[in-house]
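Order of the sequence lines sets the chain letters (A, B, ...), proteins ahead of strands, with each chain counted from 1. Computed from heavy atoms alone, side chains included, the values below leave out hydrogens, waters and symmetry copies.
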Protein chains: 2
Amino acid sequence: MNKHRTLLKHHKLSLTAVRLGVLEALDAQPHSSVEEIFAVVKDKIVTTSKQAIYNNLNTLVKHGIIREIKPKGEPSRYETRVGDNHHHLICRECHMIVDTDCFSGAPCLEPMDDHGFNVDEAEILFWGICPSCQNNTNKEGSKDE
Amino acid sequence: MNKHRTLLKHHKLSLTAVRLGVLEALDAQPHSSVEEIFAVVKDKIVTTSKQAIYNNLNTLVKHGIIREIKPKGEPSRYETRVGDNHHHLICRECHMIVDTDCFSGAPCLEPMDDHGFNVDEAEILFWGICPSCQNNTNKEGSKDE
DNA sequence: CCAAAATATTGATTTTGTCAAAATTTTTAT
DNA sequence: ATAAAAATTTTGACAAAATCAATATTTTGG
């Protein structure tokens, strides 16, 4: 995975084992949480710490190398797919996240009325039930309180 | 404010002072945080607790009477404007939130590809700098780290 | 008005994440 | 290659936001 080294050099970021591990983990499993990334990285670098994961994720986000997704009431997830204007579907039950492309043609960065704001990002999250959970619910009957 | 009493009756929710206070506070100041709502309600009901505010907000959200907005890295905000498909502009500097209507005609509930999800909500947050903060930044020069 | 149900109060607890300082690693410049 | 400087990592304390749980109080429905 030499592309990560090149990418980091480009941003003048140190090339450390943990940092590369984070990027590899995210490439392998997009929309991972800190816990998930930590588990994967720790497998290779047993001495690593959760704080190092947090540090790196924050640094990478600041540099625009990765993107953070933070659904209501859930820990943050991260992805390496940046730069294109894609959005996310999230399942209310199992919390799975799936990428979805932007509206055809519709300019996502333009709200109807921007009230004078200088808008630089449109964050779009589609909430619903994923196919798998739709099946489970049907089979098991309603589990809602 | 009798509409709140009617609304609560409709949902078979108890008509308590704190609950009515929360709704009034939210009507008066949309996009309020728990702290802000607590401060307003406490003004009228000095014995109230923050937990009561949390309880009520959660209950009201569950019943679809109010909506929760939770921008990354910030405490939740709430609003009584529900049922219409409107979205939000949020200022990266002062965190002010402003309502904005949906794209003209574009069906917000329909992502390009829904991957089989049963989508029931499209949550759209436009990030940027509000007019007031644009002015401040220009006058004071860049304050960024 | 009274019993049952819902809500409020209080205080502990959890979760997610940041802060800070010393130790280590990486980079830069010889 | 090497030493100083800069960046990162490690460790542990800490903080904010929100939930949980138990008891007290209020609200509702008969």
Compare every heavy atom of [Y] with every heavy atom of [X], then report the nearest pair and how far apart it is.
| X | Y | result |
| --- | --- | --- |
| L57(B) | V22(B) | CD2-CG1, 3.7 Å |
| I37(A) | I53(A) | CG2-CG2, 3.9 Å |
| C130(A) | C94(A) | SG-SG, 3.7 Å |
| D113(A) | L89(B) | O-CD1, 3.7 Å |
| R19(A) | N56(A) | NE-OD1, 2.7 Å |
| S49(B) | F38(B) | C-CE1, 3.5 Å |

- [ ] Could you tell me whether the side chain of V18(A) reaches within less than 4.5 Å of the side chain of N55(A), counting heavy atoms only?
- [x]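 Not in contact.
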
Task: F117(A) and I90(B), any side-chain heavy atoms less than 4.5 Å apart - done: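 A side-chain contact is absent here, since even the closest heavy-atom pair is not under 4.5 Å.
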
- [ ] Determine the contact category for T59(A): base if any of its heavy atoms lies under 4.0 Å from a base atom, sugar-phosphate if only primed atoms, P, OP1 or OP2 are that close, otherwise nothing.
- [x]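 If one applies the 4.0 Å heavy-atom cut-off, T59(A) turns out to touch nothing in the nucleic acid.
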
Distance from [X] atom [atom1] to [Y] atom [atom2], nearest 0.5 Å?
| X | Y | atom1 | atom2 | answer |
| --- | --- | --- | --- | --- |
| K72(A) | E123(B) | NZ | CD | 4.0 Å |
| Q29(A) | R77(A) | CD | CZ | 10.5 Å |
| R67(A) | H31(A) | CZ | NE2 | 8.5 Å |

Does any N or O in the side chain of [X] come within less than 3.5 Å of the main-chain N or O of [Y], such that one atom is a donor and the other an acceptor?
| X | Y | result |
| --- | --- | --- |
| E24(B) | G21(B) | no |
| E93(A) | I129(A) | no |
| H115(B) | D99(A) | yes |

Open item on the list: Which residues in residues 44-56 of chain A have a heavy atom closer than 4.0 Å to any atom of DNA chain C?
Closed with: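 When residues 44-56 of chain A is checked for heavy atoms under 4.0 Å from DNA chain C, the hits, listed by number, are Q51(A), Y54(A).
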
Task: Leading and trailing nucleotides of DNA chain C with any atom under 4.0 Å from heavy atoms of chain A - done: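 Both ends considered, the range comes out as dT16(C) to dT27(C).
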
Task: Overall bend - the helix from dC1(C)-dG30(D) to dT30(C)-dA1(D), comparing terminal axes fitted on five pairs, nearest 10 degrees - done: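 The end-segment axes of the helix from dC1(C)-dG30(D) to dT30(C)-dA1(D) are tilted 50° relative to each other.
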
Open item on the list: Any residue in residues 7-18 of chain B with a heavy atom nearer than 4.0 angstrom to DNA chain D? Just list them by number, or reply none.
Closed with: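 DNA chain D contact set from residues 7-18 of chain B: S14(B), L15(B), T16(B).
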
- [ ] Go through residues 36-43 of chain B and report each residue with a non-hydrogen atom lying under 4.0 Å from DNA chain D, sorted by number.
- [x]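 Correct list: empty, so none.
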
TODO: Go through the structure and list residues passing side chain to side chain donor-acceptor pair (under 3.5 Å) with E35(A), not counting sequence neighbours.
DONE: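 Result, side chain to side chain donor-acceptor pair (under 3.5 Å) vs E35(A): K50(A).
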
Open item on the list: Just the rounded figure in Å: distance from P of dT19(D) to NZ of K72(A).
Closed with: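 So the two atoms are 13 Å apart, to the nearest Å.
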
